[in-house]
Every structure is written in C-alpha cells, then in structure tokens.
Amino acid sequence: MKSFKIAVVPGDGIGPEIVPAALKVVDALGENEGFRLEKDYFSWGAGNYLNTGEFMPSNGLKILKPFDAVFFGSVGLPEVDDTLPAKDYTFKVRTGFQQYVNYRPVRTWPGFHGPLKDKKNIDFVVVRENTEGEFVQVGRQFMPDSPNGMGIDTSVFTRQGIERVAHYAFQLAQRRRKKVHHITKSNTLINSLTYWDRVIKEVALQYPDVEHYQMYIDNCSANFVLRPELFDVVLTTNLFGDILSDLGGAIMGSLGLGGSGNINPEREYPSMFEPIHGSAPDIAGRNVANPLGTIWSAALMLEHLGETVAADKLMAAMDKTCTEGILPVDLGGKSGTNEIADAIIRHLE
Ligand code: ATP
C-alpha cells in the first residue's frame with residue numbers, strides 16, 4: 001500500500017473541526033483506493049501563540065520540509081493581532097517553501113443555487129502569484145502618531161517571480177480550455193504592473209496554442225459576476241488573487257466552498273493545501289462549519305500526490321452528497337460538519 005507523509009496543521013477557530021472531518025473522508029477513500037496518509041499533527045497557530053509566544057517554532061520549516069505535503073486549516077483568533085497569522089505562519093511557509101502558485105479553483109456545484117442562479121457553467125482556476133507582489137511586507141510607518149504620519153508598503157515584482165507563475169498558468173491552460181486572462185491594473189500602477197504585463201506577454205508568445213487576454217481588475221470583478229463563463233485560467237498578483245478568489249467563493253455560493261493549493265511546482269519543498277476562508281471564529285465549536293472547501297483542498301492534495309483517480313472519486317462523492325440535498329448551514333442546509341463528511345464517505349465508490 002502506498003503511503004504519504006502528511007503534516008497536519010489544523011490551526012484555530014473552525015480549523016480543528018473541518019480538518020479532521022476532511023481527513024476522515026480521505027482515510028476512508030485511501031482504504032478503497034490503496035493508499036494511506038501517515039499523519040503528524042502540529043498544534044500551531046494563534047492558540048499556540050497565546051500559550052508560547054510563537055505561531056510555530058523557529059525551526060518550523062525544517063520540521064515540515066521532509067513531509068510530502070502540509071494539510072492546513074486556518075490560523076487567527078479575535079484576541080490575537082490580525083497582522084500576525086500571515087506574517088508568522090502562512091507567508092513564512094508560502095515563501096520559505098517557494099510555493100509560488102496559489103491554485104484556487106471555482107466552479108458550479110450541483111444540488112444548490114449560488115447567487116448566480118442562471119450560471120450553470122462556471123469552471124475556472126485563479127492562479128495567484130503567492131510569494132511577492134503587494135504582500136512582501138516591505139515598508140514602514142513614519143511618525144504614526146503625528147498629524148504628518150504616513151504608512152508605506154512596497155510592491156515587488158521580479159522577472160523570475162512573474163515568469164515562473166506565468167509558465168505554470170499557461171501550461172495549466174494547455175491542459176484545460178486553453179485560455180488565460182491575466183489581470184492587472186497597469187493603467188494606474190504604471191511601474192510594477194506594466195512590468196508584469198510585459199513579462200507575461202513575453203511568456204505568452206511561447207504558448208501560441210493558448211488564447212491570452214489582459215483585463216483590468218475592476219472589469220474582471222464585474223465579469224466574475226456577469227460573465228464568469230468567460231474564464232478558464234485567471235492569472236493574477238498576490239493581492240488581486242486574494243480578493244478575486246474570495247469573490248470566486250462567493251459566486252459559487254459560500255466562502256466555505258473554496259479549496260486551494262499553495263504549490264511548489266518543482267517539488268523541491270512540500271506544497272500546502274488549505275481552504276480559502278479564514279478561521280471563522282464566529283461559528284467555531286458548533287459543528288456548523290462547511291467542510292466542502294477543506295475536502296476539495298484534500299482532493300487537490302491527492303491530485304498533487306499523483307492519486308488523480310482517488311481525487312476524481314472524492315469530487316464525485318461530494319457532488320452526490322450535495323445533489324441529495326445534504327448541505328451545510330451556509331448553503332441553506334441543516335447538516336453539520338461531521339454529518340456532511342459521513343455522507344461523503346457513504347458516497348465514495
Ligand atoms: P482571512 O482573512 O483569514 O481569510 P476573514 O477575516 O476573511 O479571514 P473568515 O474567517 O474567512 O474571515 O470568515 C468570513 C465569514 O465567512 C465569517 O462570517 C465566517 O463565519 C464565514 N465562513 C468562513 N468559512 C466558513 C465555513 N467553512 N463555513 C461556514 N462559514 C464560513
């Protein structure tokens with residue numbers, strides 16, 4: 001039997017509910033499909049910070065490095081400074097492990113209507129650059145208490161950073177419907193994003209079989225709602241991708257539906273899989289969190305590990321569960337986190 005070493009970081013809020021629910025499903029799937037997850041659990045996050053002063057230990061990346069993948073819930077608690085979860089955990093892993101692709105798929109689900117009731121053919125992937133851009137956290141506050149105070153953050157876009165994520169997006173499009181929209185705001189961010197445009201256009205020339213369009217973020221946001229069927233692969237920057245993928249979750253029907261992978265395509269480091277939403281402390285501890293985005297993230301992890309048949313079966317079991325009307329509260333249903341996981345297990349073939 002094949003086995004994969006998985007580092008599990010449930011995190012805070014609903015993380016310790018949705019992560020075990022998803023892993024219970026994957027374990028059952030593994031029994032059917034002939035693989036096993038060897039799991040090590042790490043209780044890192046904002047709760048750990050309150051206890052120890054650290055989100056993760058200073059050698060956290062060294063600890064995670066030998067694993068085949070990291071399966072992550074979400075970090076953050078209302079009583080902890082909200083600037084810390086990204087700085088002290090998420091960005092550390094994403095940049096430390098060169099997970100420069102944030103893969104965030106969006107699709108129409110069966111069994112319920114999202115807010116775009118008449119849109120039945122939504123199926124695209126947001127490929128968000130995940131290590132640089134607007135989130136490099138280089139900047140400073142000057143005299144913050146003074147009337148002349150100011151705050152500055154610098155965006156950093158490097159040729160290497162743009163090229164590598166662009167190649168990933170175009171190669172992904174070659175395996176899909178052969179269309180890339182690259183999203184910028186280069187009419188106003190005239191240094192950084194015109195450079196982004198230039199490098200992406202150069203990369204696009206190497207993929208003549210892929211249609212390539214440039215679109216501004218404002219127009220793109222409107223089109224996510226009005227004409228989402230336009231999109232196949234949406235290639236964008238760190239900040240724009242963060243926002244667009246939440247909008248992607250919303251047009252599916254809920255933030256709780258979005259799965260994602262932080263991918264190191266070269267596989268030099270482990271990739272990390274997590275739902276797109278945060279730790280949702282407002283609903284934590286009540287067995288009402290939607291586990292579907294986390295389970296979708298598990299399917300993406302299996303695909304990354306080469307278990308593509310199992311990943312397809314997992315998606316099919318989620319679809320059957322939703323089609324039967326076994327839905328979480330955020331989608332208008334009555335089923336709890338665990339009941340949904342159990343129903344998906346029943347629908348595994
Ligand atoms: P972050 O910035 O870390 O992504 P956030 O501040 O955007 O987090 P979330 O924790 O994602 O906030 O929560 C936003 C809203 O979505 C909350 O009302 C939360 O309850 C709801 N929500 C998020 N995830 C789920 C889920 N899995 N199931 C149901 N509701 C959810």
Side-chain angles (χ1 to χ4, degrees), residues 9-25 44-49 55-56 71-94 102-106 109 111-112 114-115 126 128 130 134-135 137 238-262 272-300 318 321-322 326-341 343-344:
V9 183
D12 308 300
I14 58 173
E17 298 169 62
I18 52 180
V19 165
L23 289 173
K24 164 164 91 165
V25 177
W44 299 344
N48 192 57
Y49 172 80
F55 271 69
M56 66 172 165
F71 193 58
F72 169 48
S74 180
V75 282
L77 286 174
E79 56 271 41
V80 173
D81 175 355
D82 208 23
T83 63
L84 296 179
K87 182 168 81 62
D88 286 355
Y89 178 74
T90 327
F91 289 179
K92 270 193 181 161
V93 179
R94 289 174 181 171
N102 195 333
Y103 181 101
R104 296 187 158 199
V106 178
W109 287 70
F112 62 90
V126 177
R128 159 187 172 189
N130 210 26
E134 308 87 343
F135 286 176
Q137 303 198 325
N238 212 335
L239 171 65
F240 292 167
D242 188 19
I243 299 165
L244 278 179
S245 47
D246 266 27
L247 182 56
I251 64 172
M252 285 192 277
S254 167
L255 266 189
L257 290 169
S260 82
N262 303 276
M272 176 167 73
F273 298 84
E274 59 173 316
I276 65 164
H277 57 75
S279 57
D282 53 329
I283 57 163
R286 292 168 27 209
N287 189 39
V288 294
N290 180 346
L292 294 170
T294 314
I295 299 173
W296 195 358
S297 308
L300 298 176
M318 282 204 281
T321 303
C322 292
I326 301 171
L327 296 170
V329 177
D330 56 320
L331 295 175
K334 293 193 173 61
S335 303
T337 312
N338 280 314
E339 290 74 60
I340 292 167
I344 295 171

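Order of listing sets the numbers, starting from 1, for every ligand and every atom in it.
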Nearest protein heavy atom to [atom], by residue and atom, and its distance?
| atom | answer |
| --- | --- |
| atom 24 (N) of ligand 1 | His277 CG, 3.1 Å |
| atom 21 (C) of ligand 1 | Ala280 CB, 4.4 Å |
| atom 16 (O) of ligand 1 | Leu255 CD1, 3.8 Å |
| atom 4 (O) of ligand 1 | Gly278 N, 3.5 Å |

Taking the side chain as every heavy atom from C-beta outward, state whether [X] and [Y] have any pair of such atoms under 4.5 Å apart.
| X | Y | answer |
| --- | --- | --- |
| Leu300 | Arg104 | no |
| His277 | Ile18 | yes |
| Met56 | Asn48 | no |

Nearest protein heavy atom to atom 2 (O) of ligand 1: under 4.0 Å? no
Does atom 11 (O) of ligand 1 have any protein heavy atom closer than 4.0 Å? yes
Any Ser279 heavy atom less than 4.0 Å from ligand 1: yes
Relative to ligand 1, is Asn290 under 4.0 angstrom through side chain, backbone, both or neither, heavy atoms considered? both
Tell me which one of Ile283, Thr294, Ile18, Asp246 gets a heavy atom nearest to atom 30 (N) of ligand 1. Ile283
Using heavy-atom distances, let me know which of Asp282, Asp242, Asp82 sits nearest atom 20 (O) of ligand 1. Asp282
Main chain of [Y], side chain of [X]: is a donor-acceptor contact present, judged purely on distance under 3.5 Å?
| X | Y | answer |
| --- | --- | --- |
| Glu17 | Ile14 | no |
| Asp12 | Ala46 | yes |
| Asn102 | Asn130 | no |

Give the atoms of ligand 1, by number and element, whose distance to some non-hydrogen atom of Gly256 is under 4.0 Å. 26 (C), 27 (N)
Kindly indicate, with the supporting measurements, whether the criterion ring pair (Phe, Tyr, Trp, His ring centres under 6.0 Å) is fulfilled by Phe71 and Phe273. CA-CA 5 Å; Phe71 193 58; Phe273 298 84; 7.8 Å; no
Hey, mind stepping through Val75 and Ser279 against side-chain contact (heavy atoms from CB on, under 4.5 Å) and telling me if it holds? CA-CA 6 Å; Val75 282; Ser279 57; over 6 Å; no
